[in-house]
Amino acid sequence: MEKPQLPSGTRDFSPQMMLRRKYILSIMENVFKLHGFGAIETPALENLKTLQGKYGDEGDQLLFKVLNSGDFLSKANDTFLTEKNSKSLTPQIADRGLRYDLTVPLARFVVMNRDKISFPFKRYQLQPVWRADRPQKGRYREFWQCDIDVVGANSVVSEAELVEMYQEVFAKLDLGISIRINHRGILDAFLPVLGSIENWNAFMVIIDKADKIGEDGVANELENRGLSHSIDAWKWLCSTQKLGNYNQIMDALNQYAPIQNESLKKGMNEISAVFDFVGNTSNLQLDLTLARGLSYYTGCVFEVAVNDNRMPEDYKIGSIGGGGRYDNLTGIFGLKDVSGVGVSFGLDRIYDNLEAANLFPTTLSDASTLLICALDESSLGYAIDISRNLRSNGIANEVYPGAAKLKKQLDYANAKGFAYAAIIGSTEKEENKVSLKNMISGDQELVNVSDILNKISNE
RNA sequence: GCGGUCUUAGCUCAGUUGGUUAGAGUGCUAGUUUGUGGUGCUGGAAGUCGCCGGUUCGAGCCCGGUAGGCCGCCCCA
């Protein structure tokens, strides 16, 4: 016999888990709509051409590719086949792949539908994405992203709005967070210090590890990678992190001679505008070491982490949201000068955090109000009549399928969390009544069918 | 993609230095006076001990491989 098994990194969701996922989703969707965002959906499958080259080399390796239909090997190059050269062979046998995120499909969507869209285009999208990553806690191969993007406007009003939307969603979920913000312009200002774009890239990758390996760890690694000339800049960055507030960091930026250039000025102006527009900046922090991996960001970048003292001490998974501004993404698909900014909520990690801190409302339930229990086959028709009648009055209810033993039916009622059971046997049927039992108190009384509605809604 | 670790009943887990028919709790199921549960009692079913191979008279236990879970690296939601 074949043992049932799921592909690595994928999960089933039970009814209880779905209740909780929908709880999170509905809060987000509600906030998104209040800000005037509209929903779109795009296919799970995209052409590989659309996806490749947008996420850097690391990202490309994590794309799930889908084999072409039919006799896909017949068109493959003989040399690649005999050499078993997967890298060269893949483009010949796989034209499509599963989407890696929702931002690149959005860019494709915007370009393809530019005649129907009025800009600025504010859309939200709640859909799964796939990454061929090694699964771990908080890290799945299929997971949901909840994206909000504003395309076709370059004002930082949008950045500020997105920050506030993060705040609103997590306030409603009652989860404490901190939002880190930085600007690519500020990071680009370090280019003269590093000397070359290669050095700059290496520098960004290394400083991104700061919270793991510490200040000295980063300094050592810079030394090892031949970037010792950048250690002063790193030490300076660290000193800004110790400054308490945003104004002090901005002052420090103004006074640090090696990076005074246009790029810095642009970045600082935009950051300062965001801080001005956001109503409550208590959980918003300017963090000059925030780099973020995705190669398409050009302006502000964001990252959201849980910051809640109800979380278990040892519970740590990565960020639960992130995003930024991208000026050139639609350009790849032939639509120039369209700027976009967007952020993503990681549904699965938000779920994991809420569960770990026990922050889901206890009232979440999809149980029906009433279970109708027939004691004999001849009462089933009567039970179904009552059920239909109550349902048309908006009372969620169900008839237990079949005249099973009452014990079994009540066990089911308990397991599923019914508030009431209506017990029906020959006596009740003849008198046109039901024995209405309150499943919490255990009280039971014989009531007329017409009184069930009142009884249930009054208590 | 690399390293570590784990996998025994539907679920959570015991299983001593390799030695007869592999256990517990929970869940499931059937009884326990006619039609009353969430808390009683009695019984029952359920495991080729992840999978493949090896060592041995004999393997849940030792060895090799492989799949999956978890953890770390890489990267990220």
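Reckoned from all heavy atoms, side chains included, excluding hydrogens, waters and symmetry mates. Convention: sequence-line order gives letters A, B, ...; per-chain numbering from 1.
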Q | 5′-ward residue of the pair A/Gln61/A/Ser344 relative to RNA chain B | A |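 The answer here is A/Gln61.
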(Q) Measure CD/A/Gln409 against P/B/rU29 and give the value in whole Å, please. (A)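 It works out to 13 Å between those atoms.
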Q: Whole angstrom is fine here: how far is it from CZ in A/Arg180 over to P in B/rC76?
A: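 Computing the A/Arg180:CZ to B/rC76:P distance gives 12 Å.
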Q: Assign A/Val343 to base, sugar-phosphate, or nothing according to its heavy-atom contacts below 4.0 angstrom with the strands shown.
A: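 Nothing, no nucleic acid heavy atom in range.
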Q. Which part of the nucleic acid, if any, lies within contact of A/Asp133, taking any heavy atom under 4.0 Å across all strands shown: a base, the sugar-phosphate backbone alone, or nothing?
A.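 Contact class for A/Asp133: base.
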Q.
Quick check against the 3.5 Å criterion: does A/Thr281 have a side-chain atom that pairs as donor or acceptor with the backbone of A/Leu284?
A.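 Flag not set: sc A/Thr281 to bb A/Leu284 has no pair under 3.5 Å.
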Could you pull out the protein-nucleic contacts involving nucleotides 67-71 of chain B (nitrogen or oxygen on both sides, under 3.5 Å)?
unit_1: B/rG69; atom_1: OP1; unit_2: A/Ser8; atom_2: OG; d: 3.2
unit_1: B/rG69; atom_1: OP1; unit_2: A/Gly9; atom_2: N; d: 2.7
unit_1: B/rG69; atom_1: OP2; unit_2: A/Ser8; atom_2: OG; d: 2.7
unit_1: B/rC71; atom_1: OP2; unit_2: A/Lys137; atom_2: N; d: 2.2

Q. What one-letter contact string describes nucleotides 31-41 of chain B from 5' to 3', where B marks a base within less than 4.0 Å of any protein heavy atom, S marks contact via sugar-phosphate atoms alone, and - marks no contact?
A. SB--BBBB---
Q: Treat a base pair as Watson-Crick or G-U wobble with both distances under 3.5 Å, then lay out RNA chain B in dot-bracket form, 5' to 3', with | for cross-strand pairs.
A: (((((((..((((.....[...)))).(((((.......))))).....(((((..]....))))))))))))....
Q. Which residue pairs pass the salt bridge (charged side-chain N to carboxylate O under 4.0 Å, His left out) test when at least one of the two sits in residues 430-441 of chain A, sequence neighbours left out?
A.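 For residues 430-441 of chain A: none.
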Q.
Under the salt bridge (charged side-chain N to carboxylate O under 4.0 Å, His left out) definition, can you give me all pairs with a residue in residues 300-309 of chain A, not counting sequence neighbours?
A.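 Residue pairs passing salt bridge (charged side-chain N to carboxylate O under 4.0 Å, His left out), neighbours aside: A/Arg180-A/Glu303, A/Arg292-A/Glu303, A/Asp308-A/Arg310.
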Q: Identify, residue by residue, the members of residues 33-45 of chain A with a heavy atom below 4.0 Å from RNA chain B, and return them in order of residue number, or none.
A: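 Here the set is empty: none.
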Q. Are A/Phe345 and the base of B/rA77 stacked, counting only ring centres nearer than 5.5 Å and planes tilted under 30°?
A.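 Check failed, A/Phe345 does not stack on base of B/rA77.
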Q.
Do A/Arg349 and A/Phe143 form a cation-pi contact, if we require the NZ or CZ to be under 6.0 Å from the six-membered ring centre and within 45 degrees of the ring's axis?
A.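 So A/Arg349 doesn't make the cation-pi contact.
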